Amino acid sequence: MAKPTIDILLEVIDGIYKETLITSLMGIGYLYDPQPRNPAPHMMFTKGYTPEGFSGQAFHVHIRYSGDWDELYFRDYLIQHPEVAARYSTLKLELQERDRFDREPYTRGKTEFISTITRIAKKTS
């Protein structure tokens, strides 16, 4: 709702050549964003950002092993609960206004909401 970001979830198999994957995505313009609290292959790549904000369409590529997809619980819960999706949209708009040119505080601002809803979704699925 608030930011023009396309999230792509990529599932990989055990034994993936991580360095080849990193090199390949960086070769087509993605920036590698290491996730030290979530070791590879829990990787993230971004495209479409500049120090001044967005530069065209923004993309996030999230890479995980099979079954490591909490994002899908969150997505499905929002689909099933439009009132929660509306609250999430409102939160994102507020954060976008406050953190227009800085993705990190925007992302941190969503984390508690996403974590709470994901826990609820996993318990009810």
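From a predicted model like this one, the values you see are computed outputs, not experimental measurements. No hydrogens, no waters, no symmetry mates; every other heavy atom, side chains included, goes into these values.
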Handout entry: Nearest-0.5 Å distance, CZ of residue Phe45 to CE of residue Met26
Key = 8.0 Å
Problem - Separation of Glu71 CD from Asp7 CG (nearest 0.5 Å) - result: 8.0 Å
Handout entry: Spacing of Ile28 atom CD1 and Tyr30 atom OH [to the nearest 0.5 Å]
Key = 5.5 Å
Fill in the blank from the handout: Tightest non-hydrogen contact, residues Gln57 and Ile6, listed as NE2-CG1, 3.6 Å
Exercise for the section: Using the six-membered ring wherever Trp is involved, compare the ring planes of Phe113 and Tyr88 and label them parallel, tilted or perpendicular (cut-offs 30° and 60°). Expected result: parallel
Handout entry: Arg64 side chain near Leu9 side chain, heavy-atom distance below 4.5 Å
Key = no
Exercise for the section: Output the distance between atom CE (Met44) and atom CD1 (Ile8), rounded to the nearest 0.5 Å. Expected result: 11.0 Å
Problem - Rounded distance (nearest 0.5 Å) linking atom CG of Leu78 with atom CD1 of Ile114 - result: 8.5 Å
Completion exercise
Rounded to the nearest 0.5 angstrom, the CG-CG distance for Leu10 and Leu25 is 7.5 Å
Exercise for the section: Can you establish whether the number of heavy atoms outside Glu104 located under 6.0 Å from its atom CD is more than 12? Expected result: yes
Practice task
Return the minimal non-hydrogen interatomic distance between Ala121 and Tyr73, and the atom names on each side.
Solution key: CB-O, 3.5 Å
Problem - Within-4.5 Å side-chain heavy-atom neighbours: Tyr32 and Thr46 - result: no
Practice task
State whether the side chain of Lys123 and the backbone N or O of Thr118 hold a donor-acceptor pair below 3.5 Å, judged by distance alone.
Solution key: no
Handout entry: Close side-chain approach of Tyr65 to Val12, heavy-atom, < 4.5 Å
Key = yes
Practice task
Determine the interplanar angle of the His60 and His62 rings, folded into 0 to 90°, and report it as parallel if under 30°, tilted if 30 to 60°, perpendicular if over 60°.
Solution key: perpendicular
Handout entry: Joint cluster assignment, Ile16 & Ile22, ILVMFWY side-chain distance < 4.5 Å
Key = yes
